[in-house]
Amino acid sequence: MLDIRRIRQDPETVARLLAKKHVEVDLDVVQRLDAKKREITLHIERLKAQRNQASEEVSQRKKRGEDVTGLIAETRLVGEKIKELEASLEPIDQELQDFLYTVPNTPLPQVPEGESADDNQEMHRFGEVPRFSFPAKPHWELGEMLEIIDFERARKISGSRFSLMRGMGARLNRALINFMLDHARERGYQEVAPPYLVNEASMLGTGQFPKFAEDAFHVVPHDYYLIPTAEVPLTNLFRDEIITGPFPLKFTAYTASFRAEAGAAGRDTRGLIRQHQFDKVELVRFEEPQGSEAAIEEMLRDAESVLEELELPYRTVMLCGGDMGFGQALTYDIEVWMPSYGKYVEISSVSNMTDFQARRANIRYRPSGVKKTEFVHTLNGSALAVGRTIAAILENYQRPNGHVKIPDVLRSYLDDKELI
RNA sequence: GGAGGGGUAGCGUAAUUGGUAACGCAGUGGUCUUGAAAACCACCGCCUUCGGGCUUGCAGGUUCGAGUCCUGUCCCCUCCGCCA
């Protein structure tokens, strides 16, 4: 959520920044509602002051045994007027609130102009793209041949866009989770095992709601939502709290993630790339505002180094305005080389949300030496998406006979085995 | 799921027939001190257009006025049932 005062004071700048995200927002509506709200609120508060004073007087005069029927009747009218005004304020406030919840975050100045992924700015590359002297296979074929991934049975058990892993596949999955969690812990992130089902307030706090409700799985009779990412429970750790630091506060969690993938019909239908359920190790940080720009660089390195240790080729891009998400102020995508796609595929997204989520979720801190509270900055990033990492390992490490070499760094998690 | 009890500042506790949220501890600043402790003083929920407004889990209702009365709801505890 944007600071209403920013819109009030400088709507042109806000509109220009949102235009960079290729979003058009009618800020006149916001300003009109805001002005109306403030006018009515002022009026209500004056009447309340009057009523509070009158009530106090009733109390005093009653103690002295005086007659107060006239004063009470008079004050009743003030109360009725307050009720009237509050009734008129309610729909205005609701409309303003609803509107503000749908306005995206503004991008930081360094975000490149552009409207699609084609306009993203490449930052750097790592590793050599493998060249195979034999016909390389896509990971879904390798996975089925090696009997470590079973798409058909997952379809029977659940439906399309589900998969299951067996034997060395399941072990590789678990090895990656452990490796990634250990890696994050070594870098100072506290491990968390959060709930997978969250309430509506949590989804609103991180920005999934109200705009992207159709992407979430809703557990209807109980009114819970399956988390689309561990970012949701982790960022909501401190919802409605004033945190005392010391900053940065860094957390990591392995969770399954659930996405309806509405609007992705027909895309990435084969393999592990786009599933309704996938495993992911997530990083979340809470920072003082002045620390968030350095923090995202550090966090990017935290994620990139996972791929470097796995010796998987990747490139890092800074997303252009038009390709960025709703709540992000700055986003780096890390894309791993996927031979079956013949291109780099997103495996991690690292973002600075600035104070956007903190305002929605009301997460504040007290800057040292200052009495007033301020909103923290939140950041999040995947380190990494496990299914896509498995796909990348299978494809990049495949041998002519269909077997797959296990990356060195995972061997200790897999009884020192060398091959799958 | 059922029955009972409870939710007041970080923690622990108050508040007359409904009368406008109090106290202790902890914390912060200061005085004193070589320094510290102790003692003493002040501050010690949120917002504010600085007039004031809001705040007893949350949302409503009754009332001039609600921690207190009423309705709904969430959470916690105890017991029972069920359950990995």
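Side chains included, hydrogens not; waters and symmetry mates left out as well; all remaining heavy atoms used.
At least one donor-acceptor pair under 3.5 Å links the side chain of A/S88 to the backbone N or O of A/L85.
Here, B/C83 and B/U13 have their C1' atoms 38 Å apart, quoted to the whole Å. When the P atom is compared between B/A9 and B/A14, the two are found 13 Å apart, to the nearest whole Å. Look at the C1' atom in both B/A39 and B/C32: the space between them is 9 Å, to the nearest Å. Between the C1' atoms of B/G81 and B/U71, the separation comes to 29 Å (whole Å). Using atom P as the reference point in both B/C50 and B/U55, the two lie 22 Å apart (nearest Å).
Taking the six-membered ring for Trp and the full ring otherwise, A/F286 and A/Y365 have centroids separated by 6.0 Å or more.
Looking at heavy-atom distances under 4.0 Å, A/R5 makes contact with sugar-phosphate atoms alone, never a base. Within the 4.0 angstrom heavy-atom criterion, only backbone atoms of the sugar-phosphate kind lie near A/T75; the bases stay farther away. Among the atoms of the strands shown, only primed sugar atoms or phosphate atoms (P, OP1, OP2) are found under 4.0 Å from some heavy atom of A/A49.
A/K250 and A/E298 are joined by a salt bridge, as a carboxylate oxygen and a charged side-chain nitrogen come within less than 4.0 angstrom of each other.
For A/Q53 and A/R38, each mapped to the nucleotide of RNA chain B holding its nearest heavy atom, the one lying further toward the 5' end belongs to A/R38.
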